[in-house]
Visitor: 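So that we are looking at the same thing, I have put the structure below in structure tokens.
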Amino acid sequence: MAEKQEEYSASNIQVLEGLEAVRKRPAMYIGDISEKGLHHLVYEVVDNSIDEALAGFADHIDVTINEDNSITVIDNGRGIPVDMHEKEHKSALEVVLTVLHAGGKFDKGSYKVSGGLHGVGVSCVNALSTYLRAEVHRNGKCYVQEYSCGKPTTELMITGESTHTGTSITFKPDGSIFTVTTYDYSTLSNRLRDLAFLNAGITLTLTDLRDRNEKGEPRKDTFFSREGLLEFVKYIDSNKEPLIPSVIHLNTERQGIPVEVALTYNTTFNESVYSYVNNINTIEGGTHRTGFLRGLSTTLKKYADDNKMFEKAKIESKDVSAGEFTQGLTAVISVKVMEPQFEGQTKTKLGNNEVMGAVQVAVSEALRDFLEEHPNEARAIVNKVILAAQARKAMLDARAKVLRKTPLAGGGLPGKLADCSSRIAEECELFLVEGDSAGGTAKQGRDRQYQAILPLRGKILNVEKAAEHKIFDSQEITNLFRALRVTPAAERKDNADDDSAQPDISRIAYHKIIIMTDADVDGSHIATLLMTFFFRQMRPVIEQGYLYLATPPLYKCSRGKTEEYCWTQAQVQSFIMKYGDKVKVQRFKGLGEMNAQELRDTTMSPEHRILKQVTIKDGAEADRIFSMLMGEEVAPRRDFIEENAKYATIDA
């Protein structure tokens, strides 16, 4: 690695514009100023280290959460250049850390591909931190410089000799900017785990100095993958029954674009396709995902036609939609692009047209070879596609008569829905309430102008284990689609180029969908079933931030005329300590135990209620957990409950 250092110097650092706007409008650069944006700071620094690894100069990255919630990221790359920048008249290190759009990413000779395309990463981290310390090991010396709020507080200092190369960045986020300043270990570990899968051969570690065991040893995990995406797909599918024993894995280059894809099929009916560009999770897909789906569907169609499998099943290949090819599919797509074109700084959808063809060709060639060499597995995959196509056709034919009278989206609203008066989706709320009794109470306690109520009878169908046609045979699920005015993806997909297995929610009737269940085991189960439904069948609802969980109080404490609702035992104890003897504590075991006024005041009124927004931090990890919690395998679910339900109690 050392002999290549002269290729990367101050002349490679190109300046585009200044930095001050970052502190004024931080959300424009890192997404938001809450938990998501806080963790994004870590990703930006780690991405710089990953870029060094992609360029062939690093293979080890250490991330540490310090006791004061500051972060340290250390790599064994070349070290950020420290020589004088000719244009800026300051060290290259200071330019990188204090000037927006400055970095080696804009010089094609420094990095072939880069996740931090816009060059705002580490400078944004510096701007949004009350303290940042950069330590560079380079040229046989150790260089140190400190900063505050984007400005240097010391000169660049040589603090000693060094026998290795690399960069260490320690930063503490600015509490006056961020609404949350505590780092979550699982969020960071999920990201580092993904990076290890996406970059085979790189070791990443995460250490938490805030969490120590009885021996005083900090919590620590090491992430390393030798087989890359092949292991990633196995990890995602670890709680699913495989349809085929193999993972189809390709790692190649087409049209100068490195393409890595791994895919397999399981016995479920869900699609799990995750795409990345330069290690960035493109949650909205893009041209690489479209190329993958085209390569998959055209190759499988040709194999089925050549072997007369469609003909024997009495269906035509043109009647097989994209959805049939992806039922039970788990796949990860990763491409490295020199100049990726993303839709906005959030980088959630790739727009490079040349990538589509490169991925399609690579997938087609690899899948064709696999099908020819593994005829038994090929037949298993195509037979699953045929069954899915037959089931979908039967479902649509059976419902065609009904839908002419009561279309699923639009006209026929479910009879139990108590709709609100407003038709402005942004202000409208839909409460999904457990049981008719609680639903009736909620209807009495709601604000009719903007709050709608849909009672749900019992536990809805577990969509994790159900075939598509069974899902839409369920009256409760049909009612959900009708109430929301959303057409299922299964009814709108009619070609193999469809880039999404999810419905279009642009005309959804409510921008707040609130799951309101009893605070007991059954209520938690119903809430999980509903979250599984939205994750599998209407994921954009979660991605757009429309799904919430209501949190009704568990207790009502009173002494004389003084009353207080409590959500925790600690709040109950606080009330008892405050008012002493003769305190009465009422335990609410269900929503039905509250009258309309109590339900409105504690759980429905925006002035007093506590809502928990349902978000997806990591799609692949969420996929694995839903499969574990709601799938067929019992042992992984039991292990998960034993590990995580430490404070669970069973109501008498």
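Values below: every heavy atom of this structure, side chains too, minus hydrogens, waters and symmetry copies.
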Visitor: Are the aromatic ring centres of Phe533 and Phe481 under 6.0 angstrom apart?
Guide: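 Between Phe533 and Phe481, the centre distance is under 6.0 Å.
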
Visitor: Would you check if Ser272 and Asp623 make a side-chain contact, meaning some heavy-atom pair closer than 4.5 Å?
Guide: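 They are in side-chain contact.
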
Visitor: State, without any angle test, whether Ser91 and Asp83 hold a side-chain donor-acceptor pair at a distance under 3.5 Å.
Guide: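 On atom types as modelled, these side chains do not qualify, holding no pair under 3.5 Å.
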
Visitor: Verify the distance criterion only: is there a donor paired with an acceptor across the side chains of Ser246 and Glu377 at less than 3.5 Å?
Guide: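 Short answer, yes.
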
Visitor: Looking only at the side chains, is there a donor atom on one of Glu35 and His39 sitting less than 3.5 Å from an acceptor on the other?
Guide: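 No donor-acceptor contact under 3.5 Å links the two side chains.
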
Visitor: Donor-acceptor check, side chain of Asn270 to backbone of Gln327, threshold 3.5 angstrom: yes or no?
Guide: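 Looks like no, no N/O pair under 3.5 Å.
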
Visitor: Should Ser238 and Arg624 count as side-chain neighbours, where that means a heavy-atom distance under 4.5 Å?
Guide: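 Yes, at least one pair of side-chain atoms sits under 4.5 Å.
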
Visitor: Do the non-hydrogen side-chain atoms of Glu253 and Val259 ever get within less than 4.5 Å of each other?
Guide: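 In short, these two side chains do not touch, never coming nearer than 4.5 Å.
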
Visitor: Could you tell me if Asp237 and Thr330 have a donor-acceptor pair between their side chains, going purely by distance under 3.5 Å?
Guide: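 The answer is yes; a qualifying pair exists.
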
Visitor: Would Glu231 and Ser225 count as a side chain to side chain donor-acceptor pair (under 3.5 Å) here? Give the steps.
Guide: CA-CA 7 Å; Glu231 292 183 71; Ser225 173; 2.9 Å; yes

Visitor: Identify the heavy atoms of Tyr29 and Arg25 that sit nearest to each other, and give their distance.
Guide: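 Nearest pair, atom of Tyr29 first, then Arg25: CD1-O, 3.3 Å.
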
Visitor: Taking the side chain as everything from C-beta on, heavy atoms only, tell me whether Met28 gets closer than 4.5 Å to Cys124.
Guide: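 No, every pair of side-chain atoms sits at 4.5 Å or beyond.
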
Visitor: Write down the atom of Thr267, the atom of Pro242, and the distance for their closest heavy-atom approach.
Guide: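 Where Thr267 meets Pro242 most closely, the heavy atoms are CG2-O, 4.0 Å.
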
Visitor: Taking all heavy atoms of Val136 and all of Ile80, pick out the closest pair and write down the distance.
Guide: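 So the minimum-distance heavy-atom pair works out to CG1-O, 3.3 Å.
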
Visitor: Taking the six-membered ring of Phe197, is NZ or CZ of Lys234 closer than 6.0 Å to its centre and within 45° of its axis?
Guide: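 Pair Lys234/Phe197 does not count as cation-pi.
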
Visitor: Might you point out which heavy atoms bring Ala380 and Leu243 nearest each other, and give the distance in Å?
Guide: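 Closest approach of Ala380 to Leu243: O-CD2, 3.7 Å.
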
Visitor: Take Arg254 and Thr252, measure what side chain to side chain donor-acceptor pair (under 3.5 Å) needs, and give me the verdict at the end.
Guide: CA-CA 7 Å; Arg254 290 291 184 275; Thr252 184; 2.8 Å; yes

Visitor: Do Ser189 and Arg191 have side-chain N/O donor and acceptor atoms under 3.5 Å apart?
Guide: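 Judged by distance alone, the side chains do not pair up.
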
Visitor: Below 4.0 angstrom, N of the basic side chain to O of the carboxylate: do Arg193 and Asp618 qualify?
Guide: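 A salt bridge is present here (some side-chain N lies under 4.0 Å from a carboxylate O).
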
Visitor: Picking from Asn281, Ile280, Leu229, what satisfies side chain to side chain contact (heavy atoms under 4.5 Å, CB included) with Leu198?
Guide: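 With Leu198 as partner, Asn281, Ile280, Leu229 yield a single side chain to side chain contact (heavy atoms under 4.5 Å, CB included), made by Leu229.
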
Visitor: Do Val320 and Phe325 make a side-chain contact, defined as non-hydrogen atoms from C-beta onward lying under 4.5 Å apart?
Guide: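 In short, these two side chains touch, coming nearer than 4.5 Å.
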
Visitor: Report the C-alpha separation of Glu464 and Thr268 in whole Å, then their side-chain angles, then the decisive distance to 0.1 Å, and conclude whether the side chain to side chain donor-acceptor pair (under 3.5 Å) test is met.
Guide: CA-CA 7 Å; Glu464 186 69 27; Thr268 75; 5.6 Å; no

Visitor: Quick one: does Asn307's side chain have a donor or acceptor within less than 3.5 Å of a partner on Tyr303's backbone?
Guide: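 It does hold such a pair.
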
Visitor: Do the side chains of Lys302 and Asp306 get close enough for a salt bridge, i.e. N-O under 4.0 angstrom?
Guide: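 Yes.
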
Visitor: Could you check whether Asn199 and Asn279, counting side-chain N and O atoms only, form a donor-acceptor pair closer than 3.5 Å?
Guide: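 Side-chain D/A pair, Asn279 to Asn199: present.
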
Visitor: Are Leu350 and Gln341 side-chain neighbours, meaning at least one heavy-atom pair lies under 4.5 Å?
Guide: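 A side-chain contact is absent here, since even the closest heavy-atom pair is not under 4.5 Å.
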
Visitor: For residues Asp62 and Thr205, is any side-chain donor paired with an opposing acceptor at under 3.5 Å?
Guide: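 Yes, because at least one side-chain N or O of Asp62 sits under 3.5 Å from a partner of the opposite role on Thr205.
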
Visitor: Do Phe292 and Gln360 come close enough that some side-chain heavy atom pair is under 4.5 Å?
Guide: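 When only atoms from C-beta onward are counted, Gln360 and Phe292 do not touch, as no gap falls below 4.5 Å.
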
Visitor: Within 45° of the ring axis of Phe535 and under 6.0 Å from its six-membered ring centre, is that where the NZ or CZ of Arg539 lies?
Guide: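 That pair qualifies as a cation-pi contact.
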
Visitor: Kindly indicate whether the side chain of Leu371, heavy atoms from C-beta on, has any atom under 4.5 Å from the side chain of Leu367.
Guide: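 Leu371 vs Leu367: side chains touch.
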
Visitor: Within the side chain of Asn383, is there an N or O that forms a donor-acceptor pair under 3.5 Å with the backbone of Arg379?
Guide: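 Confirmed, Asn383 side chain pairs with Arg379 backbone.
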
Visitor: Do you see a donor-acceptor pair shorter than 3.5 Å between the side chains of Glu260 and His249?
Guide: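 Glu260 vs His249: donor-acceptor pair found between side chains.
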
Visitor: Looking just at side-chain N and O atoms, do Asp75 and Ser49 make a donor-acceptor pair shorter than 3.5 Å?
Guide: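 Distance-only check passes for Asp75 and Ser49.
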
Visitor: Going by atom types only, do Thr187 and Lys617 share a side-chain donor-acceptor pair under 3.5 Å?
Guide: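 Yes, because at least one side-chain N or O of Thr187 sits under 3.5 Å from a partner of the opposite role on Lys617.
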
Visitor: Has Lys90 got more than 12 heavy atoms of other residues, nucleotides or ligands less than 6.0 Å from its NZ?
Guide: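 Above 12, so yes.
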
Visitor: Within the 3.5 Å criterion, strictly below it, is a donor on Tyr274 or Asp194 matched to an acceptor on the partner's side chain?
Guide: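 No - no donor-acceptor pair under 3.5 Å links their side chains.
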
